[in-house]
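Single-structure report; data block below.
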Amino acid sequence: MTQLNTLEPEGRAVPYVVEGEGPVSLVLITERALESDGLGVISHYLAEEAGFHVIRIGTRAGAADSSSDERAAEVLAVLDHLGLEDSWVGGYGSGGTVARAFAAAHVDRVNGLLLLGVEDSDIPLAPAIPVLLVQGTADAVTPAINAEKLQATAPERASIKTLEGADHFFPVTHPIETAVIIEEYLDWD
């Protein structure tokens, strides 16, 4: 059973879940509250089937007006609390934008960047880290062109993987397929 935890840096209640104990660490930043984020099945698969150490960090109550930098500071607080020095960091939709902000501010803590459903954002990719972009080909909310434009800024280290026919909710409608893409890319060695 997955247990919901809460960290309260500076009075903000940041929800998070830790699953697995494997050698590959992955932080997944959600677009919504943990109970409805759509990343639970992916996280559970990666922890149980692939042997990853996965930390899902949710959106705290009242965070609707928080900037990506404010949420990135909350991610840092959770990682510091858990004693996690470095990890792959990723997210879905706006959670991916937060992951980009975190990676740009804390490149020394990031082994790689995972973006599921890439938002159109002016946050540049952090230098010198690998990037995996996962897109649904029928995603009208975060269209594939967003991933293509981002990949063009770092073609030597950014890869796009697509889920044919999948819409914006591909983490929910195609969770195992999404998890397998992540597993194969992050655990290639």
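Taken from CG in Leu133 to NZ in Lys161, the straight-line distance is 10.5 Å, to the nearest 0.5 Å. To the nearest 0.5 Å, the span separating OG1 on Thr142 from OH on Tyr92 amounts to 6.5 Å. Here NE2 of His81 is found 13.0 Å from CG of Leu76. Values are rounded to the nearest 0.5 Å. Rounding to the nearest 0.5 angstrom, the gap separating the CZ atom in Arg56 from the OG atom in Ser43 is 5.0 Å. Between the CD1 atom in Ile181 and the CG atom in Leu186 there is a gap of 12.0 Å [rounded to 0.5 Å]. Rounding to the nearest 0.5 Å places NE2 of His174 at 11.0 Å from CD1 of Ile42.
Side-chain contact check for Thr137 versus Asp139: every heavy-atom pair is 4.5 Å or farther apart. The side-chain heavy atoms of Ile57 and Leu28, taken from C-beta on, include no pair separated by under 4.5 Å. Taking the side chain as every heavy atom from C-beta outward, Thr178 and Leu116 approach each other to under 4.5 Å. The closest side-chain heavy-atom distance from Leu82 to Ile55 is below 4.5 Å. A 4.5 Å side-chain heavy-atom check between Pro130 and Trp88 finds at least one atom pair inside the cut-off. Contact of the Asn5 side chain with the Leu7 side chain is not registered, since no non-hydrogen atoms from C-beta on lie closer than 4.5 Å. Side-chain contact check for His53 versus Val24: every heavy-atom pair is 4.5 Å or farther apart. Inter-residue side-chain proximity for Asn146 and Leu150 is flagged as unmet; no heavy-atom pair is nearer than 4.5 Å.
Taking a 6.0 Å sphere around CD of Glu8, one finds it holds more than 12 heavy atoms contributed by other residues, nucleotides or ligands.
A chain of hydrophobic side-chain contacts below 4.5 Å, direct or via other Ile, Leu, Val, Met, Phe, Trp or Tyr residues, connects Tyr185 to Ile176. Val110 and Ile123 fall into different hydrophobic clusters, where Ile, Leu, Val, Met, Phe, Trp and Tyr side chains are chained together by heavy-atom contacts under 4.5 Å. Residue Val75 is grouped with residue Val107 when hydrophobic side chains (ILVMFWY) are merged at heavy-atom distances under 4.5 angstrom, including chains of intermediate members. Cluster annotation: Ile145 and Phe170 are assigned to distinct hydrophobic clusters (Ile/Leu/Val/Met/Phe/Trp/Tyr, side-chain heavy-atom contacts under 4.5 Å, transitive).
The two residues Leu79 and Phe102 make their nearest non-hydrogen contact at CD1-CZ, 3.7 Å. Across all their heavy atoms, Arg157 and Ala126 have their closest contact at NH1-O, 2.9 Å. Closest approach of Gln151 to Ala158, counting heavy atoms only: NE2-O, 3.0 Å. Between Gly96 and Leu115 the shortest heavy-atom distance is O-CD2, 3.3 Å. Residues Ala138 and Gly165 share a closest heavy-atom pair of CB-O, 3.8 Å. Across every non-hydrogen atom of Ser25 and Leu84, the tightest pair is OG-CD1, 3.8 Å.
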Would you check, one step at a time, whether the test salt bridge (Lys or Arg N to Asp or Glu O under 4.0 Å) holds for Asp122 with Arg100?
CA-CA 10 Å; Asp122 61 356; Arg100 284 168 70 177; over 6 Å; no

Stepwise, does the side-chain contact (heavy atoms from CB on, under 4.5 Å) test hold for Val89 with Leu114?
CA-CA 6 Å; Val89 177; Leu114 166 66; over 6 Å; no

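In summary, the side chains of Asn111 and Asp86 do present a donor paired with an acceptor at a separation below 3.5 Å, with no hydrogens or angles considered. In summary, the side chains of Thr162 and Gln135 do not present any donor paired with an acceptor at a separation below 3.5 Å, with no hydrogens or angles considered. Side chains of Glu119 and Thr97: a donor on one and an acceptor on the other come within 3.5 Å.
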